[in-house]
Number of protein chains: 2
Amino acid sequence: MTEQRRRATVVDVALEAGVSRGTVSRYVNGGHYVSSEARQAIEAAIRKVGYTPNTAARSLVRQRTQAVGFIVHEPHSVFLEDPNIGVIMLGANSALSTRDYQMVCLIVDSERDTDRVSRYLSGGFVDGAIVVSARDRDPILSVIERLGLPAAFVGHPPGITAPFIGIDNRGASAAITQRLMQTGRRKIGMIAAALDRDSGADRLAGFREALGIAYDPELVVRVPLYSFLDGAAGMRTLLERAPDVDGVVAASDAVAAGALQTLLESGRSVPRDVGLVGFDDSSWATRTTPALSTVHQPAEGIGRAAAEAVLEQIRTGDIGAGGLVLDTSIVWRGSA
Amino acid sequence: MTEQRRRATVVDVALEAGVSRGTVSRYVNGGHYVSSEARQAIEAAIRKVGYTPNTAARSLVRQRTQAVGFIVHEPHSVFLEDPNIGVIMLGANSALSTRDYQMVCLIVDSERDTDRVSRYLSGGFVDGAIVVSARDRDPILSVIERLGLPAAFVGHPPGITAPFIGIDNRGASAAITQRLMQTGRRKIGMIAAALDRDSGADRLAGFREALGIAYDPELVVRVPLYSFLDGAAGMRTLLERAPDVDGVVAASDAVAAGALQTLLESGRSVPRDVGLVGFDDSSWATRTTPALSTVHQPAEGIGRAAAEAVLEQIRTGDIGAGGLVLDTSIVWRGSA
DNA sequence: TTGAAAGCGCTACCAC
DNA sequence: GTGGTAGCGCTTTCAA
């Protein structure tokens, strides 16, 4: 057991070096207008007293923290299973890092978290925020809006004016559904997930659009989350309703992986008996056998773009609006 | 485009309400010693000027931030693939949340990140830190030590005096290896990973210990990371060296999943031809077919315990030492 | 090139 | 109960 020691301050350094606090501060911030004698004295003093600047105090006077929050609002299971979130996060971190901003990731996982994170955001600990997977009427959104905090959203929660970065979920979903139809499947179902989010709703809309008059609501199973378990369960339901289904569009790769497990357990062969496609092109897609045909989305680019959007607002001081839609492509593998 | 508005301060509220800053402050911090007239005036003023307290400024005077850093120092791929890190993180978040502490997750993913995160930690933005998967001689460790920052480590990097939370990797590895031997396997290999970390080295040591004189270094393939891809590659190497291998101990579930893919591709059946065991009991374990026999470790409990250890040090003001080793168990499923 | 002094937004101590 | 005042640790004019 050691007692915590008091941290040294500029004053300690100034006293030790025999100069003023101002001079120490100037030295710390680039060393301009500091004579070489002063510099040396200060360097020695810093070493001697073990000084590290309190950047939090600096933030107070400069009115900026050089930190950006990355807020993940997902239930447990999805956060753990969706590799896309991780990729987006690393993309954002990398972009922020380049400009010497600190990304601080905040997890919202309970009612209590919502309040605390809101306080944290409004409390001046960050200069901006990136929000992934906000739900409709998310309390955090109103906090950000009220504060006028520079922000960017991944996905597009309705009613948001801040910039958002996304993909054309509807178009991509329609495209891969069509591609699946071209393989000659006659009875195509969908395991739709996360319908309380724009991404989930749009993927279903795209599916419906592609099928046109062939669309049969009976063949759409709705599950709550983009998760493996929901995918497996959804597939069981779909098989009960339509044992002769020969094509399945899953709302995400994790969902598809779960569906695949159910299909194999039921004795069906993929893609021979059933063609299956996913969405995301996450690491799930190549970890299954057969590998998943799916929609590739540039997750890292999304993270980067979101970070840029926030930095831009911080730089200009204007709260920007408008969205950025990045391109997707279809990756055809073995599952369909 | 809207311009950012200046945030209201206590002074604005005080002026508006016709009371002093002190009274406003007292109201904000629990409302003791505030008359009901004052209270009402303040409430109205807060609404009118749109005041949100700057908790960063509060931190400066109180000398505590109510925030704890959660530092993940992993290369890309592992962070994304290791569901254990996510579970540990949620466990820590949950424990911190209960005590109204904000967990801020900081990702170290480059040289540059190391410096920036070090500055962030020493800059007074957090009251303590939880560090997962530090490597030997990690620069962040020395920063924490020099600062006397309350901290806890997940795993046990050598030379660390701060509390650590871990499991008996060596014992657990020996146990599951023995269990695998009992199924009658004669030629057992290991895909060892992350040997630059105590967990990786200890798992290999346990394997060796269990095999005793039967240990054959030729049957140990070393790969850098606890990852699916390294598992797949490691298994290929192992099969080249010993096509007649009939048992495999993988250093983690992700590694085992990769190994499984290689085994199936090579036309072998698991568990008939080869018995395979993993480590972690992460979500990988039940997503493979057959599901993995593995070592269960209480990931969420590890996160919780790490958080408690940090909070305890913050509370007492003493930098504690010593470790906590949590129990593991073997979960036997279909892969061996 | 330097030091003195003001002040970032807040809390806490003090008399009243 | 309340207002005044002194800082938390730092940066940043402004004179010298």
Side-chain angles (χ1 to χ4, degrees), chain A residues 4-42 45-46 49-67 119-127 147, chain B residues 4-42 45-46 49-67 119-127 147:
Chain A
Q4 281 178 59
R5 39 189 178 282
R6 189 185 73 84
R7 300 251 257 269
T9 73
V10 232
V11 179
D12 299 318
V13 176
L15 249 45
E16 181 68 32
V19 299
S20 76
R21 305 147 48 169
T23 306
V24 174
S25 178
R26 260 174 277 127
Y27 167 80
V28 171
N29 295 283
H32 304 302
Y33 300 99
V34 179
S35 66
S36 65
E37 305 98 73
R39 181 190 325 283
Q40 288 176 5
I42 292 170
I46 285 180
V49 303
Y51 171 70
T52 50
N54 182 323
T55 43
R58 168 186 296 168
S59 302
L60 188 58
V61 35
R62 290 213 191 145
Q63 302 285 61
R64 61 198 161 78
T65 60
Q66 293 281 106
R119 255 156 39 216
Y120 193 85
L121 292 179
S122 46
F125 284 104
V126 295
D127 296 340
L147 248 44
Chain B
Q4 281 178 61
R5 40 188 179 281
R6 188 185 73 84
R7 300 252 257 270
T9 72
V10 228
V11 180
D12 300 316
V13 176
L15 250 45
E16 181 67 33
V19 298
S20 77
R21 303 146 49 165
T23 306
V24 174
S25 179
R26 260 174 277 129
Y27 167 79
V28 171
N29 295 284
H32 303 302
Y33 301 100
V34 179
S35 66
S36 65
E37 305 98 74
R39 182 191 324 283
Q40 287 176 5
I42 292 171
I46 286 181
V49 304
Y51 171 71
T52 49
N54 183 323
T55 43
R58 169 187 294 166
S59 301
L60 188 58
V61 37
R62 290 216 189 140
Q63 301 286 62
R64 62 198 159 78
T65 60
Q66 293 282 105
R119 255 154 42 214
Y120 193 85
L121 292 179
S122 46
F125 285 102
V126 295
D127 296 340
L147 248 45

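A quick note: this is a predicted structure, and the numbers were derived from the prediction, not measured. Just so we're on the same page: letters track the sequence lines, and every chain starts at 1.
Of the residues in residues 53-65 of chain B, those lying under 4.0 Å from DNA chain C by heavy-atom distance are B:Pro53, B:Asn54, B:Ala57, B:Arg58, B:Val61, B:Arg62. Of all the residues in residues 14-24 of chain A, A:Arg21, A:Gly22 reach under 4.0 Å from DNA chain D with at least one non-hydrogen atom. Within residues 28-36 of chain B, the residues that place at least one heavy atom under 4.0 Å from DNA chain D are, in residue-number order, B:Tyr33, B:Val34, B:Ser35.
When side chains are defined from C-beta on, B:Tyr27 does not count as touching B:Val19, because their heavy atoms never get closer than 4.5 Å. Side-chain atoms of B:Asn54 and B:Thr9, non-hydrogen and from C-beta on, never get closer than 4.5 Å to each other. Residues A:Thr55 and B:Phe125 have side chains in contact (heavy-atom distance under 4.5 Å, counting atoms from C-beta outward).
B:Tyr51 comes within contact range of the sugar-phosphate backbone alone, with a heavy-atom separation under 4.0 Å but no base atom that close.
Closest heavy-atom contact between A:Ala45 and A:Val13: CB-O, 3.7 Å. What you find for B:Asp12 and B:Arg7 is that their closest heavy atoms are OD2-O, 4.3 Å. When all heavy atoms of A:Gln66 and A:Asp127 are compared, the pair lying nearest together is N-OD2, 2.8 Å. Closest of all the heavy-atom pairs between B:Val10 and B:Ser25 is CG1-N, 4.4 Å. Taking every heavy atom of both residues into account, B:Tyr51 and B:Ala8 meet most closely at CD1-O, 3.4 Å.
The CZ atom of B:Arg64 sits 9.0 Å away from the CZ atom of B:Arg58 when rounded to the nearest 0.5 Å. Atoms CG and OG1, from B:Leu147 and A:Thr52 in turn, are 5.0 Å apart once rounded to the nearest 0.5 Å. For the atom pair CZ of B:Arg39 and OG1 of B:Thr23, the computed distance is 11.5 Å after rounding to the nearest 0.5 Å.
A nucleotide of DNA chain C counts as in contact with chain A when one of its atoms lies under 4.0 Å from a heavy atom; the first and last such, 5' to 3', are C:dT1 to C:dG9. Close approach of DNA chain D to chain A, defined as any atom under 4.0 Å from a non-hydrogen atom of the protein, starts and stops at D:dG9 to D:dT12.
Comparing B:Glu37 and A:Thr52 by the nucleotide of DNA chain D whose heavy atom lies nearest to each, the residue mapping closer to the 5' end is B:Glu37.
Helix-axis bend for the helix from C:dT1-D:dA16 to C:dC16-D:dG1: the local axis fitted to the five terminal pairs at one end deviates from that at the other end by 40°, rounded to 10°.
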